[in-house]
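Here the structure comes first, spelled out in structure tokens, and everything after it is commentary.
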There are 2 protein chains.
Amino acid sequence: MSLNLQEKILQAASELFYSQGIRATGVDAIVKAANTTKMSLYKYFSSKDDLVIAFLRKRDEDFRVWFVDQVNGKADTPKAKLLAIFDVIGEWMAVPEFRGCAFINAAAEFPLEGNPVHQVSAEFYDHFRSFIADLAEQYGSKSPKNLALQLSLLVEGAIVSEQMKRHSGSAEQAKQAAIILIEGSLGDIPDTTLLTDNSGEEQ
Amino acid sequence: MSLNLQEKILQAASELFYSQGIRATGVDAIVKAANTTKMSLYKYFSSKDDLVIAFLRKRDEDFRVWFVDQVNGKADTPKAKLLAIFDVIGEWMAVPEFRGCAFINAAAEFPLEGNPVHQVSAEFYDHFRSFIADLAEQYGSKSPKNLALQLSLLVEGAIVSEQMKRHSGSAEQAKQAAIILIEGSLGDIPDTTLLTDNSGEEQ
DNA sequence: TTGTCACTATACCGGTCGGTATACTGCAAT
DNA sequence: ATTGCAGTATACCGACCGGTATAGTGACAA
């Protein structure tokens, strides 16, 4: 409730950036949506780029807090939490406002790796993978980092797939795949790196 | 060689659209890159949107032909071809011009599902999944469509991941995951749908 | 009551956007 | 020789872009 003006501008901008795209959203539209003026916007944000970065940083924080809460609220054991990840993103995808991952979209709109927008987006998935890797380690995976990367590929793939075509069952299939990968990662199966043709570059 | 003017314009536009993004590329830049004038561009393409659609349609055809060729050139058996998919995308990702998947990027730039750009992009992955599903069926997968969707999630995830942060080993890990999923999909393991909590909606 | 401060209102800036109008050039076919 | 056509050159259109300048509002504090 009762946001101050700066927060109100950021929120209006965030909704527009996410729902329509960053480049497609002009500052005039943001100002109108926030019921304020350009002068106030530029008092709190030195440029549109600045506002975009603020949008991504806040989204990073908010989303991760929300996500971890959701996962922890759905499951107790590390293994169950790893699987709950896919239930949470499945529910997230089902909301009508879903328009894919804000960071993937931002990285697509600003493709150069050196671009600050691109970099902030990349950081999000670093954090995201760390979260999964911690769970994988608690679970007892033979190679937690590898499992975490594999699961994050499934998550990102499911998000992108669902963004392209809604209700195609991406989250469910991602979960099915995750079950197999998680169970195969315990110890009764040789380490996946032993199966590679070019071996020995893990860690 | 020796492209006519229309092809030259389309090629210049394609390179700019892919490397910088669609919205970030103005028609003036396209015209300059193609060494021609706006008048000629608008003789062959009724609008920028028209040009964007042409770009995506050609990319769809070209990429799929190239991709199928690459996969077939690397392997003979269906199983080996399914795995070769990940080698091909791994090599594709390694080229310095790599800037992710043009269709994922386009769908991110034009997020509304009804948008023609978005729709053409979605078609690509329908085709792509069909190609994988055919291989999966020849291979003898118990549920070829499910396996195809799972593998395509890994591919899309690897592409997006690599786009965000280069050289993070996405393709290799995607392949490791694919090996497990492919071998698990044969018949010595219960059908994945039996493991779902909400069962019975396959096909 | 006066000053300060957050915010509004509005007009404006140069630049770029997608797209068009008009006139011109050069070449090839009849 | 004339016509037609592909392509060029350039100036222009209204709209919008991100960003700024200037003046004015109302509330609150000393």
Side-chain angles (χ1 to χ4, degrees), chain A residues 1-57 105-106 108-112 114-118 120, chain B residues 1-57 105-106 108-112 114-118 120:
Chain A
M1 305 288 118
S2 127
L3 305 167
N4 64 31
L5 184 57
Q6 182 171 13
E7 293 167 333
K8 217 167 78 181
I9 292 170
L10 181 53
Q11 182 178 297
S14 298
E15 283 165 12
L16 289 170
F17 286 155
Y18 179 64
S19 66
Q20 313 184 356
I22 294 171
R23 289 204 127 102
T25 301
V27 293
D28 296 282
I30 296 168
V31 157
K32 189 167 289 182
N35 252 304
T36 181
T37 65
K38 278 193 189 182
M39 288 312 297
S40 294
L41 187 152
Y42 281 101
K43 183 172 204 168
Y44 294 111
F45 304 95
S46 64
S47 65
K48 184 188 174 184
D49 287 333
D50 193 35
L51 183 53
V52 172
I53 297 292
F55 152 61
L56 291 172
R57 287 208 198 284
N105 295 349
E109 285 201 76
F110 300 85
L112 272 61
N115 187 298
V117 172
H118 194 106
V120 174
Chain B
M1 308 290 119
S2 125
L3 306 167
N4 64 30
L5 184 57
Q6 181 171 12
E7 292 166 334
K8 217 167 78 180
I9 292 169
L10 181 53
Q11 181 177 298
S14 298
E15 282 164 13
L16 289 171
F17 285 156
Y18 179 64
S19 65
Q20 314 185 353
I22 294 172
R23 290 203 125 104
T25 301
V27 293
D28 297 281
I30 296 168
V31 157
K32 188 167 290 182
N35 253 303
T36 181
T37 64
K38 278 194 190 183
M39 288 313 298
S40 295
L41 188 152
Y42 281 101
K43 183 173 203 167
Y44 294 110
F45 304 95
S46 65
S47 66
K48 185 188 174 183
D49 287 332
D50 193 35
L51 183 54
V52 172
I53 296 291
F55 152 60
L56 291 172
R57 287 208 199 283
N105 295 349
E109 286 202 74
F110 300 84
L112 273 60
N115 187 299
V117 172
H118 194 105
V120 173

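Scanning for side chain to side chain contact (heavy atoms under 4.5 Å, CB included) contacts around B/Ala33 gives B/Ala12, B/Leu16, with sequence neighbours left out. By the side chain to side chain contact (heavy atoms under 4.5 Å, CB included) test, B/Thr36 is found to be paired with B/Leu5, B/Ile9, B/Ala34, B/Ser40, residues two or more places apart in sequence or in another chain being considered.
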Ignoring hydrogens and angles, write down the donor-acceptor pairs under 3.5 Å from the side chains of residues 47-56 of chain B, residues two or more places apart or on other chains.
| from | atom 1 | to | atom 2 | distance (Å) |
| --- | --- | --- | --- | --- |
| B/Ser47 | OG | B/Asp49 | N | 3.4 |
| B/Ser47 | OG | B/Asp50 | N | 3.1 |
| B/Lys48 | NZ | B/Ile22 | O | 3.1 |
| B/Lys48 | NZ | B/Thr25 | O | 2.8 |
| B/Asp50 | OD2 | B/Ser46 | N | 3.1 |

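Atom C1' of nucleotide D/dT22 and atom NZ of A/Lys43 are separated by 15 Å, given to the nearest angstrom. The separation between B/Gln6 atom CD and D/dA6 atom P is 12 Å, rounded to whole Å. Whole-Å rounding puts the B/Glu7 CD to D/dG7 P distance at 11 Å. Atom CG of A/Leu5 and atom P of D/dG26 are 18 Å apart (whole Å).
For DNA chain C, the outermost nucleotides in 5' to 3' order that have an atom under 4.0 Å from a heavy atom of chain A are C/dA6 to C/dT10.
A heavy atom closer than 4.0 Å to some atom of DNA chain D occurs in no member of residues 50-57 of chain B.
The minimum heavy-atom distance linking B/Ala108 with A/Ala108 is given by the pair CB-CB, 3.8 Å.
The side-chain heavy atoms of B/Tyr42 and B/Val27, taken from C-beta on, include a pair separated by under 4.5 Å. Residues B/His118 and B/Leu112 fail the side-chain proximity criterion, which asks for heavy atoms closer than 4.5 Å.
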Any N/O pairs under 3.5 Å between the protein and nucleotides 14-18 of chain D? List them or say none.
| from | atom 1 | to | atom 2 | distance (Å) |
| --- | --- | --- | --- | --- |
| D/dG18 | OP1 | A/Lys48 | NZ | 2.8 |
| D/dG18 | OP2 | A/Val27 | N | 2.8 |
| D/dG18 | N7 | A/Lys38 | NZ | 3.4 |

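Applying side chain to side chain contact (heavy atoms under 4.5 Å, CB included) to A/Leu41 and the options A/Val31, A/Asp28, A/Leu10 leaves one that passes, A/Val31.
The distance from atom CD of A/Glu15 to atom CD of A/Gln11, rounded to the nearest 0.5 Å, is 5.0 Å.
Using a 4.0 Å heavy-atom distance criterion, B/Asp49 is classed as making no nucleic acid contact.
Panel note: side chain B/Arg23, backbone A/Glu109; no donor-acceptor pair is recorded below 3.5 Å. Side-chain N or O atoms of A/Glu7 include one that pairs as donor or acceptor with a backbone N or O of A/Asn4 at under 3.5 Å.
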